[in-house]
Amino acid sequence: MTFHLVTIFPEFFSSILEHGVVGRAIKSGAIQVRIHNLRDWTQDRHKTVDDRPFGGGEGMLMKPEPVFEAVAAVLGERRAAARVVLMSAQGKLFDQAAARRLSECEEVLLICGRYEGVDERVAEHLADEEISVGDYVLSGGELAAALVMDAVGRLVPGVVGNADSTVWESFRRDEETGRLLLDCPQFTRPAEYRGWKVPEVLLTGNHEQIRRWRLEAAREKTARNRPDLVK
Ligand code: SAH
């Protein structure tokens, strides 16, 4: 799958693309990332991407023309397997289900806003969807896009070595209740550290008991940390 990033800060992504699971996937070719400098689609010699908001108010807004032209140049004829996403605090909240959905696209183009945001015609007439990464305001869409790319990229087949590890993790469905579950607590050696022992059952080798314990522990932790998921 290919990610396209449209940004005025192309250098922002360099270290993010080099590390860990997603970094390896880029090197192996399982994921491709193309970074596009929005200023390449400006027409004036100052390469202006922003302008003052109609109606007054603080700060500047991203102009529509360079964004529309960048997306047209990068994606060409729009195909169903390509998704255009505007990073926006006003978007729908990003979650694991959204990450799974996007991981099935062939191309995902992420538009990174800056300043006070982006002319609304981009959200209305260019983007397929607006995505927010949380109920807070960032100073730019790059960090949000990097987060989406990481969560989506690791779900692309072949990126995480063992496909099971992207099934048995936080935000899977509890098969009995149908609710979302967080991952269960996990432990490694030593079996006792500063007097804190790991749960006995994990040392027994009894797979059925361990499965049961993990499910209960995951439910308990979900109820404690995320009562909103249990409602
Ligand atoms: N005036 C806007 C905030 C603009 S912040 C508002 O109040 O909603 C500048 C840019 O940062 C946005 O265009 C968007 O691309 C990005 N951004 C800020 N918060 C974000 C969030 N929670 N999720 C995704 N992108 C965000």
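Residue numbers run from 1 in the order of the sequence given. Start at 1 and go down the list; that is how both ligands and their atoms are numbered.
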Among [options], whose heavy atom sits nearest [atom]?
atom	options	value
atom 22 (N) of ligand 1	Tyr115, Tyr136, Phe94	Tyr136
atom 14 (C) of ligand 1	Glu130, Met87, Arg114	Met87
atom 1 (N) of ligand 1	Glu116, Glu142, Gln90	Glu116
atom 18 (C) of ligand 1	Val118, Leu138, Leu86, Leu61	Leu138

Of the protein's non-hydrogen atoms, which lies at the shortest distance from [atom], and what is that distance?
atom	result
atom 3 (C) of ligand 1	Val137 CG1, 3.8 Å
atom 25 (N) of ligand 1	Ser88 N, 3.3 Å
atom 23 (N) of ligand 1	Val133 N, 3.1 Å

task: Kindly indicate, with the supporting measurements, whether the criterion side chain to side chain contact (heavy atoms under 4.5 Å, CB included) is fulfilled by Ile35 and Leu17.
output: CA-CA 11 Å; Ile35 300 173; Leu17 301 177; 3.8 Å; yes
query: Got an N/O contact under 3.5 Å between Gly134 and ligand 1?
result: yes
Whether [Y] and [X] form a salt bridge (side-chain N of Lys/Arg under 4.0 Å from carboxylate O of Asp/Glu) is what I want to check.
X	Y	answer
Glu208	Arg211	yes
Asp183	Arg214	no
Glu176	Arg212	yes
Arg24	Glu18	no

For [X], counting its heavy atoms only, list the atoms of ligand 1 lying under 4.0 Å from any of them.
X	value
Gly141	11 (O), 15 (O), 16 (C)
Gly113	10 (C), 11 (O), 13 (O), 15 (O)
Ala144	24 (C), 25 (N)
Gly140	10 (C), 11 (O), 16 (C)
Gly117	4 (C), 13 (O)

- request: May I have all residue pairs that pass side-chain hydrogen bond (donor to acceptor under 3.5 Å, both in side chains) and include part of residues 136-145, sequence neighbours excluded?
  value: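 Only Thr7-Glu142, Arg114-Glu142 qualify under side-chain hydrogen bond (donor to acceptor under 3.5 Å, both in side chains).
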- prompt: Who passes side-chain hydrogen bond (donor to acceptor under 3.5 Å, both in side chains) against Glu107, sequence neighbours left out?
  reply: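 Only His4, Arg79 meet the side-chain hydrogen bond (donor to acceptor under 3.5 Å, both in side chains) criterion with Glu107.
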query: Have Glu65 and Gln43 got a donor and an acceptor in their side chains that come within less than 3.5 Å?
result: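 No.
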field: Candidate pair Phe68 and His125, rule side chain to side chain contact (heavy atoms under 4.5 Å, CB included), full reasoning
entry: CA-CA 9 Å; Phe68 272 82; His125 305 294; 4.2 Å; yes
query: Relative to ligand 1, is Ile131 under 4.0 angstrom through side chain, backbone, both or neither, heavy atoms considered?
result: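 Only the backbone of Ile131 comes within reach of ligand 1.
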- prompt: Any idea which part of Ala89 is under 4.0 Å from ligand 1, heavy-atom wise: side chain, backbone, both or neither?
  reply: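 The answer is both, backbone and side chain.
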- prompt: Among Asp51, Asp44, Asp50, which residue meets the side chain to side chain donor-acceptor pair (under 3.5 Å) test with Thr48?
  reply: Asp44
